[in-house]
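In what follows, chains are A, B, ... by sequence order, proteins preceding strands, each numbered from 1. Here the structure is a predicted model, which means the values were calculated and not measured.
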Amino acid sequence: MKIASFNVNSVKARLNNLTQWLSETNPDVVCLQELKCVDEAFPREAIEDLGYNVAVHGQKTYNGVAILSKFPMEDVTPRLPGDDSDEQARYIEALISTGTTPIRVGGLYLPNGNPVHTEDGALHEKYTYKLAWMDRLIKHAEILLTLEEPFVLAGDYNIIPQAEDCHKPSAWKDDALFRQESRDKFRKLINLGLTDSFRACHTEPNRYTFWDYQAGAWQKDNGIRIDHLLLSPQAADMLSACDVDKEIRGREKPSDHVPIWIELDIPE
DNA sequence: ATGGTCGCCGAGCGA
């Protein structure tokens, strides 16, 4: 079973790019981020025509996440628990009925968190929101782990886990994507017992999932690895491959992110 | 390079 994550940076602007990639690579499950549209505006028919069930948690202009699945989905739950006042559409979860072992999939768009500081030097609310959101994700992962089932937390984490996951670490030193507090929260998630799929399959440095639109970042391979699929121990036991569809970034009208995917060997 | 580039929507923000 192939499970992918793709921050499309507007699903409407990216529809042709997205459907072409879906047709070519045929993933079973896809977590999408940054839809930038409400549920009613999601191009549902075009996706369903390719054989996917669709679960959307949209938002006007900002954020928005979805799960596409060739298998039926049960228990579809938008929102990350822990703060009922949070209106930002950044999380959706579903139980994927594979026919044998069900796989729980959480699709997430973790807050960017910049700027880190306000003008007077205090921590900016955007950064504290990011850290608080990560605390909620950690708590939720702890609860999912008690179920002792295979699950995948896939999405745009807006976290560069290590120096080797970016082109120029010094440029990111004080950025919300690389600051120590941010990376510590990500480590905390990993240390619960989750597996970073990409690092379980690859040791080489400088493999990226995002290249900025600005300043020729793509041409210079000035990228960062911020899209991740984290696995519960039961899912990690099924992991057979993980890779990044880098070539997508060089196509016409691309997203600034590219898809990352895993292959899970589900037992009969 | 206090710029650069996208996408939202129709000015300026978010990334």
> Any ring pair (Phe, Tyr, Trp, His ring centres under 6.0 Å) pairs touching residues 173-201 of chain A, not counting sequence neighbours?
Replying inline: A/Tyr157-A/Phe186, A/Phe186-A/His228, A/Phe198-A/His202
> Given the P atoms of B/dC13 and B/dG3, what is the spacing between them in whole Å?
Replying inline: 15 Å
>> Holding to ring pair (Phe, Tyr, Trp, His ring centres under 6.0 Å), I want the full list of residues that pass it with A/Phe210, two or more places apart in sequence or in another chain.
In response: A/His257
> By ring pair (Phe, Tyr, Trp, His ring centres under 6.0 Å), which residues pair with A/Trp218, not counting sequence neighbours?
Replying inline: A/Trp211
> How far does the C1' atom of B/dG4 sit from the matching atom of B/dA15, given to the nearest Å?
Replying inline: 13 Å
> Can you pull the side chain to side chain donor-acceptor pair (under 3.5 Å) pairs that have at least one residue in residues 29-38 of chain A, sequence neighbours excluded?
Replying inline: A/Ser5-A/Gln33, A/Asn7-A/Glu34, A/Asn9-A/Lys36, A/Glu34-A/Tyr109
>> Show every ring pair (Phe, Tyr, Trp, His ring centres under 6.0 Å) that has at least one partner inside residues 38-92 of chain A, sequence neighbours left out.
In response: A/Tyr91-A/His140
> Using the C1' atom in both, what is the distance from B/dC9 to B/dG14, to the nearest Å?
Replying inline: 13 Å
>> Strictly under 4.0 angstrom, non-hydrogen atoms only: write out the protein contact profile of nucleotides 6-15 of chain B, one letter per nucleotide from the 5' end, B, S or -.
In response: SSSS----SS
